[in-house]
Number of protein chains: 2
Amino acid sequence: MKPNDFNLSGFLPYKLAVLASRISKVLSTIYEERFGLSMPEWRVLVHVARCEKVSVRDIHNCVNLEKPRVSRAVAKMVEAGLLAKTASTRDQRLVEIELTEAGQRVLNDIIPEAMSFQARLMGAFSEDEASHFDDLIEQLHDELDKHANAPRRSSMDTNISD
Amino acid sequence: MKPNDFNLSGFLPYKLAVLASRISKVLSTIYEERFGLSMPEWRVLVHVARCEKVSVRDIHNCVNLEKPRVSRAVAKMVEAGLLAKTASTRDQRLVEIELTEAGQRVLNDIIPEAMSFQARLMGAFSEDEASHFDDLIEQLHDELDKHANAPRRSSMDTNISD
DNA sequence: TCAATATCATTTCGATTGCAACGATAATTT
DNA sequence: AAATTATCGTTGCAATCGAAATGATATTGA
């Protein structure tokens, strides 16, 4: 094939980027329009809800956000009254972030909608298709792990610290 | 399930965002480190190579980039000598963008690497798996099309105008 | 024909982003 | 213990981005 015939629309990295971007845009209307949250804030909210007393570093490691983004998201949510932040007693460098009652209420409102959106998305998927899709995604991650310059796959959700 | 147990790592929009971002980051080293191109510039290059004499609007419609991004990418590539830009004779508003020889040389260098990267990525996929993966992606797009607020799927590559 | 509307590419402007640097605290080494 | 090194969260800064405004040209409609 001649280089000039190369077509982006059949190129896997492009296809995934477009699909992911489209999905994210629709999802964002759920937390943005209704609750004034940005994407980083949405991710922080969800993670803090599941793992109490997390540090900025924890969040950074678990939800694929750069440290500055986490720090800024947390600051804004503390300001908005959704999160509470206190210095850890054991390690003064660390910070302990937790949900406030207001934050809990927002979470309670958002999660059902997020899940319903996901259900709608995968509406046409059979059980087998859904799990097969996950398998293929895993295969791609495994391949990426081999790349030296690939930002090492984050140790998702194992919540190593504390 | 309690809202607090909601786990991002099993949430489709999140999984796709992380995967796409990871792939894009590795891909970007190919055109960034070696040729000094940004992602928008990479997309513009490829599209202009395939469809000669395109307008900014064409590119915008075909490669999922906002108009300002296309405009800026083109400007920088003209500056770098990779593209030539002339006003259309038929419609003075339009612009006709084409590859220069230098641009063609860069393309010739990049495309094989991009394709080899894709091949490496899908290395573990069988024929069936690859096509099934595409099917599932299509199903998700179809579902997104139903969403009113979904940025209408771009009329990819049909190159309607001129 | 000529006013009103639409389309195109660019630019402006405020907001967001990531990298690197920073101050503060802990851990390690000598 | 003192000094060096590492880690944590935050901030400065330059670059990038998108929504809306702008100026220029085409198209439509009265």
Side-chain angles (χ1 to χ4, degrees), chain A residues 17 21-22 24-25 28-29 31-33 36-44 47-48 53-79 83-98 149 151 154-155 160-162, chain B residues 17 21-22 24-25 28-29 32-33 36-44 47-48 53-79 83-98 149 151 154 160-162:
Chain A
S21 152
R22 249 191 125 196
S24 292
K25 189 159 282 182
S28 75
T29 64
Y31 51 69
E32 210 161 84
E33 271 174 18
L37 297 178
S38 67
M39 180 273 277
E41 286 157 20
W42 146 256
R43 289 194 189 172
V44 167
H47 182 70
V48 171
K53 305 226 176 184
V54 287
S55 66
V56 168
R57 187 61 152 193
D58 287 331
I59 306 177
H60 161 66
N61 283 332
C62 292
V63 301
N64 246 267
L65 291 174
E66 298 300 318
K67 262 190 311 174
R69 282 180 100 176
V70 175
S71 182
R72 283 159 178 150
V74 168
K76 206 184 291 181
M77 294 170 80
V78 167
E79 177 69 22
L83 297 181
K85 187 172 63 171
T86 55
S88 165
T89 52
R90 303 186 204 169
D91 187 334
Q92 290 284 115
R93 292 171 304 179
L94 291 177
V95 109
E96 285 177 356
I97 300 161
E98 33 188 357
N149 51 1
S154 58
S155 55
I160 300 161
S161 46
D162 78 89
Chain B
S21 152
R22 250 192 123 196
S24 291
K25 189 160 282 181
S28 75
T29 65
E32 210 162 85
E33 270 175 18
L37 298 178
S38 67
M39 179 274 275
E41 285 156 22
W42 145 258
R43 288 194 189 173
V44 166
H47 182 69
V48 171
K53 307 226 175 184
V54 287
S55 67
V56 168
R57 186 61 151 194
D58 286 331
I59 305 177
H60 161 66
N61 283 332
C62 291
V63 302
N64 247 268
L65 292 174
E66 297 300 318
K67 264 189 309 175
R69 283 180 99 178
V70 175
S71 184
R72 293 189 247 246
V74 168
K76 205 185 292 183
M77 295 172 81
V78 167
E79 177 69 22
L83 296 181
K85 186 171 64 170
T86 54
S88 165
T89 51
R90 304 187 205 168
D91 187 334
Q92 291 284 115
R93 292 171 305 180
L94 292 177
V95 109
E96 283 177 356
I97 300 163
E98 33 187 357
N149 52 1
S154 59
I160 300 162
S161 46
D162 78 89

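Owing to the predicted nature of the structure, the values given are computational and were not obtained by experimental measurement.
Along DNA chain D, read 5' to 3', the first and last nucleotides having any atom under 4.0 Å from a heavy atom of chain A are dA6(D) to dC13(D).
Side-chain contact check for Ile97(B) versus Lys53(B): every heavy-atom pair is 4.5 Å or farther apart. Counting heavy atoms from C-beta outward, Asn64(A) and Arg43(A) have side chains that approach closer than 4.5 Å. Counting heavy atoms from C-beta on, the side chains of Met39(A) and Leu65(A) come closer than 4.5 Å. Looking at heavy atoms from C-beta onward, Arg93(B) lies out of side-chain contact with Arg57(B) at the 4.5 angstrom threshold. The side-chain heavy atoms of Lys85(A) and Glu96(A), taken from C-beta on, include no pair separated by under 4.5 Å. Inter-residue side-chain proximity for Val54(A) and His47(A) is flagged as met; some heavy-atom pair is nearer than 4.5 Å. Between Val74(B) and Val44(B) there is a side-chain heavy-atom pair separated by less than 4.5 Å.
Distance, His60(B) NE2 to dA9(C) P: 10 Å, rounded to whole Å. Between Arg93(A) atom CZ and dA26(C) atom P the separation is 7 Å, expressed in whole Å. In this structure, the CD atom of Gln92(A) is 5 Å from the P atom of dA26(C), given to the nearest Å. Distance, Arg90(A) CZ to dA27(C) P: 12 Å, rounded to whole Å.
Between the two ends of the helix from dT1(C)-dA30(D) to dT30(C)-dA1(D), each summarised by a five-pair axis, the helix axis turns through 10° (rounded to 10 degrees).
Between Glu41(A) and Lys76(A) there is a salt bridge, since at least one side-chain N of the basic residue sits less than 4.0 Å from a carboxylate O of the acidic one.
Here the side chain of Ser28(B) pairs a donor or acceptor atom with the backbone of Lys25(B) at under 3.5 angstrom.
Each of Thr89(A) and Lys76(A) was assigned the nucleotide of DNA chain C with the nearest heavy atom; the assignment lying further toward the 5' end belongs to Lys76(A).
Note that the CD1 atom of Ile59(A) and the NZ atom of Lys67(A) stand 13.0 Å from one another [nearest 0.5 Å].
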Checklist line | Per-nucleotide protein contact string for nucleotides 18-23 of chain C, where B marks a base within reach and S marks sugar-phosphate only (heavy atoms under 4.0 Å, - for neither) | finding: BBB---
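For the residue pair Ser88(B) and Asp91(B), no side-chain donor N or O sits within less than 3.5 Å of a side-chain acceptor on the partner.
Side-chain nitrogen and oxygen atoms of Ser71(B) include none within less than 4.0 Å of the OP1 or OP2 phosphate oxygen of dT11(C).
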